[in-house]
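Comments concern the structure below.
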Amino acid sequence: MILIVIIGGWLGYQHYRNRQLSNYAVRGVSLTQANGFVDFQQLQHQGYQFAYLRATSGATYTDDQFQSNYDRAQGSNLELGVYHVYSYTTSPRAQLQNFTQEVSHRVGQLPIAVQVGTYGNYDARYLTRRSAQNKLQRFISLLQQRYDKRIIIWCTPTVWRALNQSELVRYNCWLQTSRVTDQDDKVVFIEYNETATVKLNGQSQTVGASVFNGSQRQWHSWVTN
């Protein structure tokens, strides 16, 4: 009986989630080397419209699959973006150098995303400090100066609330949350599942799954803006 209740609850939640997701016309994925070889043409045929590729993290780490993924994705009609995982322990300029060396001109059509997470002593409370906010702002400013592109901050609701107490609130947000409804207009993307499963060429693969927080018409306007 307990098992039946658990299974019924899970199926009910999946039905509820699918109904929520059906309100969003534009779907996309985020990829790292952990996702393995991805067929971008298959992603497009399954209705995905954008893909973000991890390029770098901090001042030294580079994603082994970034350049291969980027070059192969050019054969699809997916809108492409790249992202950097921000580090609290290395300088903004060193992180910019790592990013530009790996990415060069491969920045795609979408805004550059900066993923801001928490770990160890670097929690949401740390991000309320002016010094931490200024350091993140410095890195974003350097990226904008180098590439003349929009920047989007990718984070959890907890981090976003901390950053809302600073000038960083003027940037758009890519929110990592299971709650896909009732997000404000500063939230451009919603990553609702970081370990979603897709079928590509008969094989199951894990990807980060996101939706665009708007209609198909708004998507076209936002991409070309």
Side-chain angles (χ1 to χ4, degrees), residues 28 30-34 50 52-64 66 81-104 106-108 110-180 182-195 208-213 222:
S30 55
L31 302 172
T32 73
Q33 65 188 40
F50 68 90
Y52 263 88
L53 311 176
R54 182 178 67 179
T56 50
S57 177
T60 58
Y61 180 86
T62 59
D63 191 291
D64 290 342
F66 170 70
V82 301
Y83 76 93
H84 171 84
V85 181
Y86 180 73
S87 168
Y88 301 103
T89 58
T90 51
S91 74
R93 191 163 293 280
Q95 293 187 64
L96 176 71
Q97 183 176 8
N98 185 34
F99 184 83
T100 55
Q101 286 179 345
E102 177 65 14
V103 170
S104 185
R106 300 181 181 93
V107 290
L110 300 176
I112 297 172
V114 177
Q115 189 178 47
V116 182
T118 56
Y119 54 88
N121 294 324
Y122 301 104
D123 55 11
R125 177 176 292 184
Y126 171 81
L127 282 168
T128 63
R129 299 180 186 176
R130 182 64 60 86
S131 59
Q133 295 167 355
N134 288 344
K135 185 177 178 182
L136 176 56
Q137 177 63 71
R138 175 62 175 158
F139 175 66
I140 291 175
S141 296
L142 288 171
L143 271 179
Q144 288 181 310
Q145 292 169 17
R146 173 64 177 80
Y147 289 102
D148 192 26
K149 286 180 69 70
R150 293 176 291 175
I151 305 295
I152 188 168
I153 297 175
W154 180 4
C155 62
T156 65
T158 301
V159 169
W160 186 237
R161 284 192 294 270
L163 298 181
N164 271 337
Q165 302 175 36
S166 71
E167 294 182 1
L168 292 160
V169 72
R170 70 176 183 269
Y171 296 102
N172 285 325
C173 177
W174 183 351
L175 205 60
Q176 183 180 346
T177 177
S178 60
R179 180 184 157 212
V180 296
D182 302 321
Q183 300 294 346
D184 66 43
D185 57 7
K186 294 295 292 184
V187 177
V188 175
F189 297 121
I190 304 165
E191 185 192 46
Y192 62 90
N193 190 347
E194 60 181 334
T195 56
S210 295
V211 292
F212 172 72
N213 187 26
W222 187 76

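We count residues from 1, following the sequence as given.
Listed here is the closest heavy atom pair of Val114 and Ile151: CG2-CG2, 3.9 Å. Looking at every heavy atom in both residues, Glu191 comes nearest to Gly208 through OE2-CA, 4.0 Å.
Looking at Lys135, its side chain does come within 3.5 Å of a backbone N or O of Tyr88 through a donor-acceptor pair. Side chain of Gln95 to backbone of Thr90: a donor-acceptor contact under 3.5 angstrom is found. Listed for the Asp63 side chain is a donor-acceptor partner under 3.5 Å among the backbone atoms of Gln33. Formation of a donor-acceptor pair under 3.5 Å by the Gln133 side chain with backbone atoms of Leu127 is found in this model. For Asn98 (side chain) and Gly58 (main-chain N/O), a donor-acceptor pair under 3.5 Å exists by modelled atom type. Using modelled atom types, no side-chain atom of Arg54 and backbone atom of Ser57 make a donor-acceptor pair closer than 3.5 Å.
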Output, in order, the C-alpha distance, side-chain angles, deciding distance and verdict of ring-ring contact (aromatic ring centres under 6.0 Å, His included) for Phe212 and Phe50.
-> CA-CA 9 Å; Phe212 172 72; Phe50 68 90; 7.8 Å; no

Show your working on side chain to side chain contact (heavy atoms under 4.5 Å, CB included) between Asn121 and Tyr126 and close with a plain yes or no.
-> CA-CA 7 Å; Asn121 294 324; Tyr126 171 81; over 6 Å; no

Take Asn172 and Arg150 through the side chain to side chain contact (heavy atoms under 4.5 Å, CB included) test and state the conclusion after the steps.
-> CA-CA 9 Å; Asn172 285 325; Arg150 293 176 291 175; 5.5 Å; no

Step by step, would you call Leu136 with Leu163 a side chain to side chain contact (heavy atoms under 4.5 Å, CB included)?
-> CA-CA 10 Å; Leu136 176 56; Leu163 298 181; 4.1 Å; yes

Kindly indicate, with the supporting measurements, whether the criterion side chain to side chain contact (heavy atoms under 4.5 Å, CB included) is fulfilled by Ile153 and Val159.
-> CA-CA 10 Å; Ile153 297 175; Val159 169; 5.8 Å; no

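A heavy-atom distance below 4.5 Å is not found between the side chains of Leu175 and Asn213. Two residues are said to be in side-chain contact when any heavy atoms from C-beta on lie closer than 4.5 Å; Tyr119 and Ser87 meet this criterion. Contact annotation: the side chain of Gln137 never approaches that of Ser166 to less than 4.5 Å [non-hydrogen atoms, C-beta and beyond]. Phe99 places a side-chain heavy atom less than 4.5 Å from the side chain of Ile112.
Ring planes of Tyr86 and Phe139: tilted class, angle from 30 to 60°. In this structure, Phe189 and Tyr52 have perpendicular ring planes: the angle between them is above 60°, well past the 30° mark.
Defined by atom type and a distance below 3.5 Å, a donor-acceptor pair is missing between the side-chain atoms of Glu102 and Tyr61.
Note that OG1 of Thr62 and NE2 of His84 are 12.0 Å apart. Values are rounded to the nearest 0.5 Å. For the atom pair Asp184 CG and Trp160 CH2, the distance stands at 8.0 Å (nearest 0.5 Å). Cys173 SG to Gln183 CD: the interatomic distance, rounded to the nearest 0.5 Å, is 8.5 Å. A distance of 11.0 Å separates OG1 of Thr60 from CD of Gln101, quoted to the nearest 0.5 Å. Here the straight-line distance linking atom CG of Leu96 with atom CD1 of Ile140 works out to 12.0 Å at 0.5 Å rounding. Going from atom CZ of Phe66 over to atom CZ of Arg106 covers 6.5 Å, rounded to the nearest 0.5 Å.
The salt bridge (charged side-chain N to carboxylate O under 4.0 Å, His left out) contacts involving residues 164-177 comprise Glu167-Arg170, where partners must be two or more places apart or lie in separate chains.
Residues passing the ring pair (Phe, Tyr, Trp, His ring centres under 6.0 Å) test with Trp154 are Tyr83, Trp174, sequence neighbours excluded.
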